[in-house]
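Below, chain A is the first sequence line, B the second, and so on; all start at residue 1. Here the structure is a predicted model, which means the values were calculated and not measured. Only this structure's heavy atoms are used, side chains among them; waters, hydrogens and symmetry mates stay out.
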There are 2 protein chains.
Amino acid sequence: MSFDLNDLDEVSRTLKLLGDKTRLAIMKLLDNRERCVCELVEIFKTSQPSVSQHLRKLKDAGLVKENRKGQWIYYSINPDSPQRQFIQKLIAFIPSQAHVLEELDKQGLGISCE
Amino acid sequence: MSFDLNDLDEVSRTLKLLGDKTRLAIMKLLDNRERCVCELVEIFKTSQPSVSQHLRKLKDAGLVKENRKGQWIYYSINPDSPQRQFIQKLIAFIPSQAHVLEELDKQGLGISCE
DNA sequence: TCATTATATAATCATATGCTTATATAAACA
DNA sequence: TGTTTATATAAGCATATGATTATATAATGA
């Protein structure tokens with residue numbers, strides 16, 4: 001599981017991956033706790049396939065991992081990622097997404113896939 | 001000159017900008033000292049327009065500034081960029097580009113636009 | 001002024017990207 | 001087993017991106 005982060009290619013690839021607003025927000029949201037796909041779909045008000053595809057890219061890069069619980073699949077930050085420290089520093093520069101969730105509540109949408 | 005870095009949009013835009021291998025390497029190279037366009041062209045072994053266009057994007061984002069000296073235009077990190085601290089942290093994760101220059105020397109190309 | 005050198009800009013093009021719609025898979029449950 | 005719910009994958013499409021080629025601008029020097 002060795003991996004050299006000190007590599008220009010690798011860093012630029014990671015930046016490119018997180019250079020997408022949705023993916024960056026997903027990482028920030030997962031920073032707190034795991035979330036199931038349906039939560040993310042509601043938060044971003046986009047299609048389910050769109051969220052799935054973003055998650056796929058994050059998973060392929062090893063940044064997140066999935067955990068199925070019955071029908072639901074929960075995603076979380078992959079603690080074993082060699083890039084984790086780097087990712088954490090990036091995330092630290094993003095404001096909390098709390099307000100996003102608050103706004104959802106105001107709109108009475110709530111978040112429940114159950 | 002106020003600017004809120006604590007903004008998801010802004011962070012993702014910056015990451016996207018540096019999510020390009022050439023632009024990221026340019027920023028790393030400029031971290032040491034200013035460089036003229038011709039130096040960068042030689043280093044990256046790409047076309048002059050290509051380098052110019054990358055520099056244009058970095059300049060438009062306020063990350064670098066230019067300084068004409070006769071025929072030559074030298075680019076350097078813009079110290080007044082509100083994103084500077086963020087950029088510095090990103091750059092810190094990239095290995096020195098010293099070896100790139102060393103290889104150029106070996107190939108006898110040297111670097112001189114004069 | 002004309003030629004040369006350095007750089008920027010414009011136009012074109014091939015590829016990458018992200019979204020949408022449709023469909024497949026997988027679990028839960030009647 | 002059949003239906004519903006959650007998620008993934010595939011296909012198609014519009015837009016973004018980065019490179020190349022050609023041309024424009026600007027400074028230098030004969």
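Contact annotation: A:Lys21 does not reach the phosphate of C:dG18 (side-chain N/O to OP1 or OP2, under 4.0 Å). Look at B:Lys16 and you won't find any side-chain N or O under 4.0 angstrom from OP1 or OP2 of D:dA16. A:His54 has a side-chain polar atom (N or O) that falls below the 4.0 Å cut-off from OP1 or OP2 of C:dC19.
For the pair A:Phe93 and B:Val11, the tightest heavy-atom approach, listed with the atom from each and the gap, is O-CG2, 3.7 Å.
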With the criterion being N/O to N/O and under 3.5 Å, what pairs connect the protein with nucleotides 20-25 of chain C, and how long is each?
unit_1, atom_1, unit_2, atom_2, d
C:dT20, OP2, A:Ser47, OG, 3.1
C:dT20, O4, A:Gln53, NE2, 3.2

Can you name the atoms? Protein N/O to nucleotides 27-30 of chain C N/O, anything below 3.5 Å, with the distance.
none

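Atoms CD (B:Glu66) and C1' (D:dA27) sit 14 Å apart, rounded to a whole Å. Taking atom CG on B:Asp20 and atom P on C:dA16, their separation rounds to 14 Å, with Å as the unit. One interatomic measurement links the two molecules: CG of A:Leu17 to C1' of C:dA16, which rounds to 14 Å at whole-angstrom precision. The interatomic distance linking B:Arg13 (CZ) with D:dT17 (C1') rounds to 17 Å, in whole Å. The separation between A:Asp60 atom CG and D:dT9 atom C1' is 12 Å, rounded to whole Å. Regarding A:Ile73, its CD1 atom lies at a distance of 17 Å from the P atom of D:dT5, rounded to whole Å. Spacing between atom OH of B:Tyr74 and atom C1' of C:dT5 amounts to 13 Å, rounded to whole angstrom units. Protein atom CZ of A:Arg56 is 17 Å distant from nucleotide atom C1' of D:dA6, rounded to whole Å.
In this view, B:Lys57 satisfies the salt bridge (Lys or Arg N to Asp or Glu O under 4.0 Å) rule with no residue, not counting sequence neighbours. Taking the side-chain hydrogen bond (donor to acceptor under 3.5 Å, both in side chains) definition, one finds that B:Lys89 meets it with nothing, sequence neighbours left out.
Relative to the six-membered ring of A:Tyr74, A:Lys69 meets both conditions, a distance below 6.0 Å and an angle of at most 45° to the axis.
A:Lys59 comes within 4.0 angstrom of nothing in the nucleic acid, heavy atoms only.
Once rounded to the nearest 0.5 Å, the distance linking OH of B:Tyr75 with CG of B:Leu30 reads 10.0 Å. Note that CD1 of A:Ile26 and CG of A:Leu63 are 11.0 Å apart. Values are rounded to the nearest 0.5 Å.
Summary of helix geometry: the two end axes of the helix from C:dT1-D:dA30 to C:dA30-D:dT1, each defined by five base pairs via their C1' atoms, are inclined to each other by 10° (rounded to 10°).
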Tabulate below the donor-acceptor pairs under 3.5 Å that side-chain atoms of residues 46-53 of chain A make, not counting sequence neighbours, or state none.
unit_1, atom_1, unit_2, atom_2, d
A:Ser47, OG, A:Ser50, N, 3.3
A:Gln48, NE2, A:Ser52, OG, 3.2

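Looking only at side-chain heavy atoms (C-beta outward), A:Leu55 and A:Ile73 stay at 4.5 Å or farther from each other. The shortest distance between side-chain heavy atoms of B:Ser76 and B:Arg33 does not fall below 4.5 Å. Between A:Arg13 and B:Lys21, every side-chain heavy-atom pair lies at or beyond the 4.5 Å cut-off.
Looking at B:Ser12, its side chain does come within 3.5 Å of a backbone N or O of B:Asp9 through a donor-acceptor pair.
No option in B:Lys59, B:Arg56, B:Arg35 other than B:Lys59 meets the salt bridge (charged side-chain N to carboxylate O under 4.0 Å, His left out) test with B:Glu66.
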